[in-house]
Participant: 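Please find one structure pasted underneath; my questions will follow.
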Amino acid sequence: MKIKSQLSNIISDALKSANIESDDVVISDATKPEFGDYQFNGVMKLAKVLKQNPREIATNLVEHIDTTGMIAKVEVAGPGFINIWLSDEWLAKEATAILNDDRVGVGYVENPQKVVVDYSGPNMAKQMHVGHLRSTIIGDTLATLLEFLGNDVIRQNHIGDWGTQFGMLIAYLEEQGADGATTELKDLEQFYKDAKVRFDESPEFADKAREYVVKIQSGDEHCLNLWQSFIDASLGHCEEVYDKLGVNLTRDDVRAESFYNPKLADVIKTLKEKNLSTVSDGAECVFLDGSEVPVIVQKGDGGYLYATTDLAALEYRAKELKADRICYVVDARQGQHFKQVFTIAKQAGMVGENVALEHIGFGTMMDKGGKPFKTRDGGVIKLIDLLDEAVVKAKESIKERDAHSEDELENIATVVGIGAVKYADLSISRESNYIFSWDKMLSFEGNTSLYMQYAYARIQSILRKYDGEIQGDIIIGDETEHRLAHLLLKFEDTLSKAATDATPHTITSYLYDLVTQFMKFYELNPILKGGIEEEVKMSRLQLAKLTASVIKKGLDILGIKVIDKI
RNA sequence: GCGUUCAUAGCUCAGCUGGAUAGAGCAUCGGUUUGCGGUACCGAAGGUCUCAGGUUCGAAUCCUGAUGGACGUACCA
């Protein structure tokens with residue numbers, strides 16, 4: 001249900017019939033319940049242009065607003081605000097209409113786009129660490145969300161599988177032999193360290209490593225095979241993490257750095273042809289307007305850099321994949337890099353004028369002291385360890401509850417633990433750094449996944465207890481039901497805002513509002529207690545059921561599971 | 001040095017395409033129950049939105065400057 005745009009149409013019509021000229025009508029949420037459900041604040045601006053009294057314009061406008069359908073009443077308030085109340089009957093009718101809709105009333109976007117979402121991007125030389133968490137789950141949510149709204153989404157996992165370090169790694173892999181390597185590769189971090197030690201202590205080995213770098217790049221079969229088996233093993237580690245996280249990334253989504261390698265020479269050629277690059281200190285550079293520091297696209301020794309690869313990737317995505325919008329879910333610290341690369345790509349015509357290029361930046365995960373999140377001895381925390389710990393902690397916190405079998409407990413702990421990690425991350429406005437806290441994450445209180453999952457389980461419990469067919473329409477009986485129904489219908493507006501701004505946290509705060517409102521409703525309006533009219537009971541059951549569906553769908557888009565019993 | 005970004009309750013965070021008395025959660029204090037899952041619900045208290053100017057009928061939100069922090073800044077990604 002696109003409530004805001006419908007209201008906007010009604011107001012536009014009213015403006016027309018009142019003969020008032022105006023541009024886009026922007027409807028905002030009411031700032032307070034006393035002010036209704038929505039408000040239109042545009043009259044004050046109009047008053048200035050028309051040089052008229054805003055109150056008069058508002059009063060005049062209000063008389064032309066159609067209040068026979070979705071709007072129950074409108075009021076002029078303050079200097080010229082127009083407050084809008086939705087009609088109970090309309091809410092009831094619309095909410096009833098989506099009761100059996102598996103999209104819970106969410107339609108599709110008017111103009112579907114082809115969207116490339118670039119996320120996760122682990123480095124094959126190392127184990128995934130907490131730094132990859134945000135990119136992976138924010139990106140995955142964005143992809144799922146855009147897809148749900150009807151866009152054609154292409155996921156791209158731009159893995160780091162190319163560069164000098166791989167010479168060392170495969171030389172070491174070869175030295176270890178097949179068996180030793182399989183066992184050692186279980187811990188990539190350790191493997192990397194061991195290889196580095198070997199590299200530093202043995203000049204012969206170091207020479208071989210350097211030689212292997214050249215060999216991979218020139219397509220030597222033996223080295224490429226070694227390299228391929230190393231990448232396969234490393235990617236296997238990532239897939240283990242994706243699996244635990246419930247992230248929808250497969251090998252088909254992988255477009256590695258190596259994939260772009262054959263295209264890099266052409267990138268430089270294009271830049272030269274367009275006279276965008278010049279040689280400075282032996283390196284091929286692009287000097288952008290107003291900057292004295294260049295973007296280097298080719299090193300003095302002929303090697304390419306990450307800007308070059310990103311340009312090749314941009315061109316591929318725009319021209320081969322034919323993307324309308326390309327989203328890079330990458331750490332905010334790389335903002336400058338993307339700004340530069342985007343500018344160059346547009347100037348060089350590698351990407352069409354109307355392709356939207358977006359850097360979906362996010363902040364860093366911090367510990368309690370506000371420092372980057374590390375292990376006690378200052379090392380990087382492996383993502384897989386963090387996830388396993390979340391499950392262990394979740395188990396502790398739910399153990400004292402109702403008796404569960406060991407299997408059930410394990411399953412619940414997994415859903416709860418992983419959900420908590422994801423929700424905690426997604427519920428923070430993505431651009432700010434955030435402080436990681438187990439306690440807050442695994443709390444049942446406040447804006448947490450457990451509060452949502454608990455509410456969901458409670459509703460399931462009610463539905464189980466009723467154990468009959470639920471039928472009949474939703475009727476709005478009081479203020480709490482009005483607000484609940486309104487929130488349920490606002491789901492689509494919420495999702496489209498989240499999709500446009502690429503802000504998963506607008507979904508979490510919506511869900512939190514929804515659940516809070518449900519709790520209020522439920523506290524005040526008994527559902528299964530005696531003495532309640534059948535019609536009312538059915539309506540309340542329907543509201544509860546619909547709330548559960550929206551919670552489930554909302555969490556589903558965030559990649560978080562629900563369970564019927566906690 | 002230059003650039004980017006941030007500063008909101010004791011703590012963790014919303015709100016930022018300018019709108020009415022700046023909102024949540026935690027913690028603190030108080031209340032609700034013969035309970036449809038009380039890990040719930042209701043309430044109180046808590047603020048010079050870092051500071052100083054400016055634009056405006058109206059600024060946490062936009063602009064300028066200051067202060068403090070984070071990050072980036074020529075051949076890593």
Side-chain angles (χ1 to χ4, degrees), chain A residues 24 26 28-32 34-35 39 41-45 47-48 54 77-81 83 121 123 125 158 160 162-165 257 280-285 290-307 309-310 330-337 339 361 363-364 366 368 370-372 397-398 400-402 424 427-429 431-435 437 439-440 443-448 450-451 454-455 457-466 501 505-506 508-509 512-513 516 519-520 522-530 532 537 540-541 544 565-566:
Chain A
D24 283 357
V26 180
S28 9
D29 293 325
T31 49
K32 281 173 194 296
E34 309 90 275
F35 300 151
Q39 51 182 284
N41 302 329
V43 170
M44 271 90 78
K45 265 174 210 143
K48 189 175 284 179
F81 300 105
N83 294 337
N123 187 332
H158 190 84
W162 208 243
T164 50
Q165 53 202 339
E257 284 174 0
S280 170
D281 279 354
E284 194 70 26
C285 297
S291 172
E292 287 172 20
V293 181
V295 178
I296 301 178
V297 289
Q298 188 171 24
K299 293 194 278 187
D301 67 5
Y304 302 109
L305 290 136
Y306 72 129
T309 312
D310 275 335
V330 182
D331 195 309
R333 284 174 289 198
Q334 292 191 38
Q336 196 176 14
H337 164 71
K339 202 181 258 182
T364 316
M366 306 293 208
K368 269 185 194 150
K371 302 211 175 77
S397 93
I398 54 176
E400 305 109 38
R401 295 183 61 81
D402 304 341
S427 60
I428 300 292
S429 137
E431 291 188 67
S432 50
N433 294 345
Y434 88 95
I435 298 192
S437 153
D439 290 345
K440 195 183 161 195
S443 164
F444 276 86
E445 290 158 344
N447 188 6
T448 63
L450 265 166
Y451 182 72
Y454 175 70
R458 259 177 107 165
I459 296 174
Q460 294 311 313
S461 168
I462 296 165
L463 299 178
R464 272 197 304 274
K465 191 154 283 185
Y466 174 67
D501 303 346
H505 85 281
T506 53
T508 62
S509 53
Y512 181 60
D513 285 347
T516 307
M519 290 294 193
K520 283 178 189 169
Y522 169 82
E523 201 72 23
L524 226 60
N525 298 340
I527 299 175
L528 297 181
K529 282 187 180 169
I532 297 163
K537 185 201 269 188
R540 290 179 183 169
L541 278 165
K565 286 183 192 175
I566 294 180

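Each chain gets a letter, A, B and so on, in the order its sequence line appears, and its residues count up from 1.
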Participant: Is the aromatic ring centre of A/Y434 closer than 5.5 Å to the centre of the six-membered base ring of B/C13, with the two planes inclined by less than 30°?
Facilitator: no
Participant: Nearest-Å distance, CD (A/Q336) to P (B/G3)?
Facilitator: 11 Å
Participant: Determine the interatomic distance between C1' on B/U8 and the same-named atom on B/C49; round to the nearest Å.
Facilitator: 4 Å
Participant: At less than 3.5 Å, do the side-chain atoms of A/S280 and the base atoms of B/A74 form a donor-acceptor pair?
Facilitator: yes
Participant: Is the aromatic ring of A/F81 within stacking range of B/G19, meaning centres under 5.5 angstrom and planes under 30 degrees?
Facilitator: no
Participant: Which pair of heavy atoms, one from A/S443 and one from A/L450, lies closest together, and at what distance?
Facilitator: O-CB, 3.4 Å
Participant: Can you check the distance between B/C36 and B/U28, where both ends of the measurement are the C1' atom (answer in whole Å)?
Facilitator: 32 Å
Participant: Classify the nucleic acid contact of A/L450 as base, sugar-phosphate or nothing, counting any heavy atom under 4.0 Å across all strands shown.
Facilitator: nothing
Participant: Looking at every non-hydrogen atom in both residues, tell me the closest pair between A/Q298 and A/L305 and how far apart they are.
Facilitator: N-CD1, 4.2 Å
Participant: Output the rounded distance in Å from NE2 (A/H337) to P (B/U4).
Facilitator: 18 Å
Participant: Under a 3.5 Å distance rule, please check whether A/T508 uses its side chain to pair with a backbone N or O of A/H505 as donor and acceptor.
Facilitator: yes
Participant: Looking only at atom P, what distance separates B/G58 and B/C41, rounded to whole Å?
Facilitator: 41 Å
Participant: Got a sec: does the CG of A/D24 have more than 12 other heavy atoms crowding it under 6.0 Å?
Facilitator: no
Participant: Within the 4.0 Å heavy-atom criterion, would you say A/K48 contacts the bases, only the backbone, or no part of the nucleic acid?
Facilitator: base
Participant: What's A/S509 touching, base or sugar-phosphate or nothing? Going by heavy atoms closer than 4.0 Å.
Facilitator: nothing
Participant: Looking across every strand, which nucleic acid part, if any, lies under 4.0 Å from A/A332 by heavy atom: base, sugar-phosphate, or nothing?
Facilitator: nothing
Participant: A/Q39 CD to B/G15 C1': how many Å, rounded?
Facilitator: 14 Å
Participant: Enter the distance from A/Y434:OH to A/S427:OG here, rounded to the nearest 0.5 Å.
Facilitator: 8.0 Å
Participant: What nucleotide among B/C36, B/A74, B/G19 has an atom nearest to a side-chain atom of A/V293?
Facilitator: B/A74
Participant: Would you tabulate the nitrogen or oxygen pairs shorter than 3.5 Å linking the protein to nucleotides 23-26 of chain B?
Facilitator:
{"unit_1": "B/G23", "atom_1": "OP1", "unit_2": "A/K32", "atom_2": "NZ", "d": "3.2"}

Participant: Nearest whole Å is fine: how far is B/A40 P from A/I459 CD1?
Facilitator: 15 Å
Participant: Any side-chain N or O of A/S432 less than 4.0 Å from the OP1 or OP2 oxygen of B/A14?
Facilitator: yes
Participant: Students often get this wrong, so: under 4.0 angstrom with heavy atoms, is A/I527 touching a base, only sugar-phosphate, or nothing?
Facilitator: base
Participant: If we ignore hydrogens and angles and just use 3.5 Å, is the side chain of A/N83 paired with the main-chain N or O of A/Q39 as donor and acceptor?
Facilitator: no
Participant: Taking atom P in both B/G69 and B/C63, compute the distance separating them and give it to the nearest angstrom.
Facilitator: 23 Å
Participant: Can you find a pair of side-chain heavy atoms, one from A/I527 and one from A/L541, that are under 4.5 Å apart?
Facilitator: yes
Participant: Any idea which of B/A40, B/C57, B/A70 is nearest the A/N433 side chain?
Facilitator: B/A70
Participant: In whole Å, measure the gap between the C1' atoms of B/U48 and B/A7 for me.
Facilitator: 15 Å
Participant: Would you say A/T516's side chain and A/Y512's backbone share a donor-acceptor pair under 3.5 angstrom?
Facilitator: yes
Participant: On a whole-Å scale, what distance lies between the C1' atoms belonging to B/U33 and B/A27?
Facilitator: 25 Å
Participant: Would you find more than 12 non-hydrogen atoms of other residues, nucleotides or ligands less than 6.0 Å from A/E34 atom CD?
Facilitator: yes
Participant: Measuring from atom CG of A/D439 to atom OG of A/S397, what distance do you get when rounded to the nearest 0.5 angstrom?
Facilitator: 10.5 Å
Participant: Report yes if a side-chain nitrogen or oxygen of A/H505 is closer than 4.0 Å to either non-bridging phosphate oxygen (OP1 or OP2) of B/G15; otherwise report no.
Facilitator: yes
Participant: Does a distance-only test, which skips hydrogens and angles, find a donor-acceptor pair under 3.5 Å between the side chain of A/N83 and the base of B/A20?
Facilitator: yes
Participant: Heavy atoms under 4.0 Å, any strand shown: does A/A47 hit a base, just sugar-phosphate, or nothing?
Facilitator: nothing
Participant: Measure CG/A/N41 against P/B/G15 and give the value in whole Å, please.
Facilitator: 18 Å
Participant: Test A/I435 against A/K440 for side chain to side chain contact (heavy atoms under 4.5 Å, CB included), laying out the working first.
Facilitator: CA-CA 10 Å; A/I435 298 192; A/K440 195 183 161 195; over 6 Å; no
Participant: RNA chain B: stems of at least 3 consecutive Watson-Crick or G-U pairs, cut-off 3.5 Å?
Facilitator: B:1-7 with B:67-73, B:10-13 with B:23-26, B:28-32 with B:40-44, B:50-54 with B:62-66
Participant: How many Å lie between NZ on A/K368 and P on B/C13, as a whole number?
Facilitator: 13 Å
Participant: Which whole-number value in Å describes the distance from A/L305 CG to B/A77 P?
Facilitator: 5 Å
Participant: Looking only at atom C1', what distance separates B/C16 and B/G23, rounded to whole Å?
Facilitator: 14 Å
Participant: Would you indicate what A/G160 reaches in the nucleic acid, counting non-hydrogen atoms under 4.0 angstrom: base, sugar-phosphate, or nothing?
Facilitator: nothing
Participant: Taking the side chain of A/Y451 as its heavy atoms from C-beta onward, which of B/A77, B/C41, B/A20 lies nearest to it?
Facilitator: B/C41
Participant: Between A/E431 and A/L528, name the one whose nearest nucleotide on RNA chain B is closer to the 5' end.
Facilitator: A/E431
Participant: Checking contacts here: which listed nucleotide (B/A40, B/U4, B/A14) is nearest the side-chain heavy atoms of A/K339?
Facilitator: B/U4
Participant: Is it true that a side-chain atom of A/T309 and a backbone atom of A/E257 form a donor plus acceptor pair closer than 3.5 Å?
Facilitator: no
Participant: Select one nucleotide: of B/C36, B/A20, B/G18, the one nearest the side-chain heavy atoms of A/K45.
Facilitator: B/G18
Participant: Considering only the C1' atoms, how many Å lie between B/G53 and B/G31, rounded to the nearest integer?
Facilitator: 48 Å
Participant: Indicate whether OP1 or OP2 belonging to B/A14 is found under 4.0 Å from a side-chain N or O atom of A/S429.
Facilitator: yes
Participant: Quick one: list whatever passes side-chain contact (heavy atoms from CB on, under 4.5 Å) with A/A424, sequence neighbours left out.
Facilitator: A/M441
Participant: With a non-hydrogen cut-off below 4.0 angstrom, is A/I296 in contact with a base, only sugar-phosphate, or nothing?
Facilitator: base
Participant: Measure CZ/A/R333 against P/B/U73 and give the value in whole Å, please.
Facilitator: 11 Å
